[in-house]
Amino acid sequence: MPALKVQIGSLELRNPLMAASGTCGYGVEIANVVDLSTIGAIVTKGLYMSARDGAEVPRIVETPAGLLNAIGLQGVGIRAFVDKVLPQLRAHDTKVIVNVCGETVDEYAEVSRIASEADGVHGLEVNISCPNVKTGGIAFGTDPVMTHDVVSAVRRATRLPVIPKLSPNVTDITVFARACEDAGADAISCVNTFLGLAIDVESRKPRLAFGTGGLSGPAIRPLAVRMTWQAARAVKIPIIGIGGIASASDALEFFIAGARAVQVGTLNFSRPNIYSDIEAGLIEYLTRHKLADINDLVGTIQYPR
Amino acid sequence: MPALKVQIGSLELRNPLMAASGTCGYGVEIANVVDLSTIGAIVTKGLYMSARDGAEVPRIVETPAGLLNAIGLQGVGIRAFVDKVLPQLRAHDTKVIVNVCGETVDEYAEVSRIASEADGVHGLEVNISCPNVKTGGIAFGTDPVMTHDVVSAVRRATRLPVIPKLSPNVTDITVFARACEDAGADAISCVNTFLGLAIDVESRKPRLAFGTGGLSGPAIRPLAVRMTWQAARAVKIPIIGIGGIASASDALEFFIAGARAVQVGTLNFSRPNIYSDIEAGLIEYLTRHKLADINDLVGTIQYPR
Amino acid sequence: MPPAADRVCRMVKRESLGGSYSLLTFESPEVSKAQAGQFAMIQPAVHADLTLRRPFSIMDTDPAAGRFSIFLKAIGPGSRAVADLREGESARVLGPLGHGFTPPAADERAFLVGGGYGVAPFALFSRSLNRDRVNSRLFYGGRSAAELPLVEELEKRGMAVTLSTDDGTRGEKGRVTAPLTAALDAEQGKARLYACGPEPMMHAVARIALERKIPCEVSLDPWMGCGLGTCLGCVVKIQEPGESKPKNRPACTEGPVFDSTRVIWGRH
Amino acid sequence: MPPAADRVCRMVKRESLGGSYSLLTFESPEVSKAQAGQFAMIQPAVHADLTLRRPFSIMDTDPAAGRFSIFLKAIGPGSRAVADLREGESARVLGPLGHGFTPPAADERAFLVGGGYGVAPFALFSRSLNRDRVNSRLFYGGRSAAELPLVEELEKRGMAVTLSTDDGTRGEKGRVTAPLTAALDAEQGKARLYACGPEPMMHAVARIALERKIPCEVSLDPWMGCGLGTCLGCVVKIQEPGESKPKNRPACTEGPVFDSTRVIWGRH
Ligand SMILES: Cc1cc2nc3c(=O)[nH]c(=O)nc-3n(C[C@H](O)[C@H](O)[C@H](O)COP(=O)(O)OP(=O)(O)OC[C@H]3O[C@@H](n4cnc5c(N)ncnc54)[C@H](O)[C@@H]3O)c2cc1C
Ligand SMILES: Cc1cc2nc3c(=O)[nH]c(=O)nc-3n(C[C@H](O)[C@H](O)[C@H](O)COP(=O)(O)OP(=O)(O)OC[C@H]3O[C@@H](n4cnc5c(N)ncnc54)[C@H](O)[C@@H]3O)c2cc1C
Ligand SMILES: Cc1cc2nc3c(=O)[nH]c(=O)nc-3n(C[C@H](O)[C@H](O)[C@H](O)COP(=O)(O)O)c2cc1C
Ligand SMILES: Cc1cc2nc3c(=O)[nH]c(=O)nc-3n(C[C@H](O)[C@H](O)[C@H](O)COP(=O)(O)O)c2cc1C
Ligand code: FES
Ligand code: FES
């Protein structure tokens, strides 16, 4: 039986499969239909200091092989999460990573500090790449200096693994991957959604109330695999591959490109139980290719020179 | 009957529909199955000074709602095009735009000069955004200074409309749109393909012989519409919207976002006769919305503030 | 509420009700325990080239046989894909989901108001009402006779149905609210209202309930992406008594059925 | 070559040949004029969720009825989508495309070598050969009897067929090249070779032709995206007499049939 354990900084995951932020709520929402122990770690919906009501509807629209969303980071806020949600989550056998948001560098640090003091939080994913908020978010993730500032601040505020989540809306992802590594990140999540716009031609209004949104789903997979491959060659810390994963074969592309773990996002909405299918597919593949450990597959792409 | 004529610099097009570079050969290839007069203009496959044999196969692979390609700009070279191909094209009732390539700024200028002297070339699309060549291409299109240099050089070399074709693989497309406008461009093609990577998990090799490739097709449409919208607000010169157009409704999204004309690329492969369908759809829409002229629709998006 | 499950289920029976309407029956022990007003997220198991499933109300159930059925109006790709399922083919079914209707008190009379596919949950609701010997009547309205495809199915179930159409091609001519107010005027005892259908209709019924101080529940149908409370695409504006201002709440988990006085209308 | 056309055509007849093989007949006046070795690019007209069409050889034509048929092996999404067409449903058909086989001279004998779906074009080819009274024989090889699904169809057309299978479950045991070389040894007059099938088979036949200085044509099947010469996805390495080195040439327009001596093998 091939080994699926992977190490993300000081955090060990039973398997390299995570539920992506904003696509599994706080974990508890899906616990009655999904066995959370089939998921290596769940990443919470983005959390600020205070609760947010998010954007107006429509917030999600389908596009070819994809999903465009502008939720606007509706959430309960870090304190309510720690007090009300975390106790329920502790009952489940999975790791919990908090997706940290902020409108200022200080807010990122403060959210991180509170999350770190709580019992049952195992890592921090730093969301510097949300395209659907008016302040912060993607602004931090598309400027290497700001990226470095935010990640350094979070680094100082916690002992937990720090995992900045990169925006794909940049010319050269390796610049941002290095900025994160320099700032003391333990791993990198690659990637968040692509900034997109869909228009209702009858009303001539954007199909999303917010206007633009973030594109996710199978449509973006080739772009996310490319960025994972570039980032993995640029830094030594582990890369978590994200983007359009809908099958074990999709996940394998990311591992071969250099990802140490992967996250499933959009597919949680239509296939909440996809994790057991992917795990079975990984085991079948590793066995057939005589690989004893998923870690032996990471970054083994044979790229033509 | 609503008017579909549009003006791209000094170039007037019968309708705002063009066949995108690299997806209609030199026009003559499709002339026996498509009535070229249904297409406002055809843009040639990218042309260098000399003929090129292109990349090894596989050169194209399907991805969800998209196509990943690395042709490597196989082509006959500008002189053979002018001498052998152009005479055949002149027989057809459409406008011809040459997609200008170069490994150096001088080569761009020289190809432009030769194309401009030929009889039957109506415009130059400057390809500073091809992701599938080792030198030039995207390197020029992801650096605003180089972009300005190349476009200025082409500007000096021709009196024909100069239409730089932007790469979407950048953080802020408006920076490049302005660089083109400053350099004297008459219009902007928005956009070329997105850099992607697809991996064959059994061999662990990229599915394309070249390695990475350019992603096109419906999958990228929301990203291309967003960039068209951004570019149109940043400059005064006309924008030609490109990316995933597969229907009249798709084309309408680009016009409403701010495009003066559109190009169909990937869909030429599966739907070579899509132009008459799109034109019929545009006329139906304009009539129903009581618009006398397609130009009255351009940029009429009602974006929430 | 019965626990939800995510299963691949066989579609065993398909009846066309004319136009774009059809009745589909699926095998699912879990969903067959659904309560009136609950729904399921469904997509074909193969060639599901759409990113999201689509939500459909549970129209009726057969717990003994472990089956449930939906009343479907094909309006776009997602509903058409489900409608095009052939008997014996499978679909991914997630359900039962959401909060259903609150049963009326013993001394209350139930007035059900349905239109379009919104009439679906009342078939199942009428079963429990009959079981509890609650006196009920359904007011079923549509644009024309062709828009009342479920009448026979409902009457089969022994429901008392009052029909109305905007063009008078069947039942009373005019809006469904006319026969409803008339019946409410005639009503001596306590009444309770339940509405499911186009938003303008539900809003009108909510206003009537407010004027007459009658308790009223409405079943909203915002765009839904997951049915689990995770995508937050289905939020509706709800004013809770204690709270300072209305908040965005996921209709899939806190609804789709809401107390009409809590709903902020015209925002979805 | 007859002019190509891009049309929506009805699929009128579907015969399963067992396993993943089937015969499909389409209505298309244009393609019904195809010459042996030509092909068409096909995808279903609705729910074509694949970006590209797929190429299929014209197996046979009925110019009078304006119909043509293809012999299809379903191996992936694109071929399966075409194979799943129901009678009466429509497909987008672009064709006839490419350059077919060069007819042999009056004094030549035609040796056809086919395997897998590559045997398809020889059904149509044999018609013209019979018409021109050319003496011909088809060598049809496969891994096992199950891999020779077209035998009956071919014999129906009065073709002289020599069968062989790697496992000996039908015809001669071993590679198709064994009976071929035997026949060539026995042959007194002039011969001409035509091969279509798996590349190793075609390469082997090309070698035999080279040794014996027999003219030989092969029908290559690279990945094809458009069939028009525009995507340049289908290029094969061809060495033209005049030219200094082999060049990438689109197989869809300059082929799929090539003089075997011009083909640079093992590059596709
Ligand atoms: C709780 C609930 C119960 C429902 N019950 C039924 C039912 O019993 N029978 C029935 O026929 N329909 C029902 N619907 C509506 C049904 O889900 C939509 O008609 C269907 O999702 C439309 O998707 P489409 O792809 O066919 O159409 P699209 O082309 O996607 O959309 C057509 C229209 O429907 C709207 N729509 C699309 N997707 C959704 C969605 N996921 N949720 C809500 N609206 C959407 C779009 O905004 C658009 O206006 C219900 C919806 C909800 C929320
Ligand atoms: C000139 C020509 C004539 C052909 N004639 C026939 C025929 O008569 N009957 C028949 O059954 N098949 C024929 N084929 C092969 C047929 O086109 C492929 O089997 C089909 O395209 C596979 O697509 P898929 O989506 O089903 O499989 P995929 O899953 O896409 O691919 C399965 C395998 O087929 C290869 N392939 C995929 N697409 C193509 C393509 N467009 N062209 C070539 N190879 C491809 C892939 O590289 C892969 O190895 C012909 C191919 C060519 C080029
Ligand atoms: C509806 C929705 C909400 C999301 N919310 C968040 C979020 O709160 N924080 C975050 O970092 N990423 C968020 N994402 C991005 C996903 O975590 C993921 O990076 C992206 O969807 C790409 O993965 P996918 O293609 O598998 O969906 C969201 C995505 C979707 C579709
Ligand atoms: C096979 C292929 C070849 C292409 N070759 C060129 C080229 O030579 N020059 C160029 O500027 N763009 C080229 N492109 C990009 C297209 O012109 C177009 O910008 C892109 O495909 C996006 O449009 P689409 O989504 O409609 O295909 C090519 C695209 C494809 C798919
Ligand atoms: S449908 Fe996703 S949260 Fe309600
Ligand atoms: S298949 Fe497109 S060039 Fe040959």
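Both backbone and side-chain heavy atoms feed into the values below; hydrogens, waters and symmetry mates do not. Naming: A, B, ... by sequence-line order, numbering from 1 per chain.
- The neighbour count for Arg90(A) CZ, taken as heavy atoms of other residues, nucleotides or ligands under 6.0 Å away, is above 12.
- A 6.0 Å sphere centred on CZ of Arg262(C) holds more than 12 heavy atoms belonging to other residues, nucleotides or ligands.
- Using a 4.0 Å cut-off between charged nitrogen and carboxylate oxygen, Glu103(A) and Arg52(A) count as a salt-bridge pair.
- Both the backbone and the side chain of Ala4(C) come within contact range of chain A, with heavy atoms under 4.5 Å apart.
- Heavy-atom pairs under 4.5 Å with chain C peak, among Gly66(A), Pro58(A), Gly54(A), Gly217(A), at Gly66(A).
- The aromatic rings of Phe101(C) and Tyr194(C) stand perpendicular to each other, their planes meeting at an angle above 60°, with 30° marking the opposite boundary.
- Contacts of Ala55(A) with chain C are made by backbone atoms alone, with heavy-atom separations under 4.5 Å and no side-chain atom involved.
- Between Tyr26(A) and Phe81(A), the angle of the ring planes lies from 30° to 60°, which puts this pair in the tilted group.
- With a 4.5 angstrom heavy-atom cutoff, Thr266(A) touches chain C only via side-chain atoms.
- For Pro272(A), the parts lying near chain C are the backbone and the side chain together; criterion is any non-hydrogen pair under 4.5 Å.
- Residue contact with chain A, scored on non-hydrogen atoms closer than 4.5 Å, is absent for Arg7(C).
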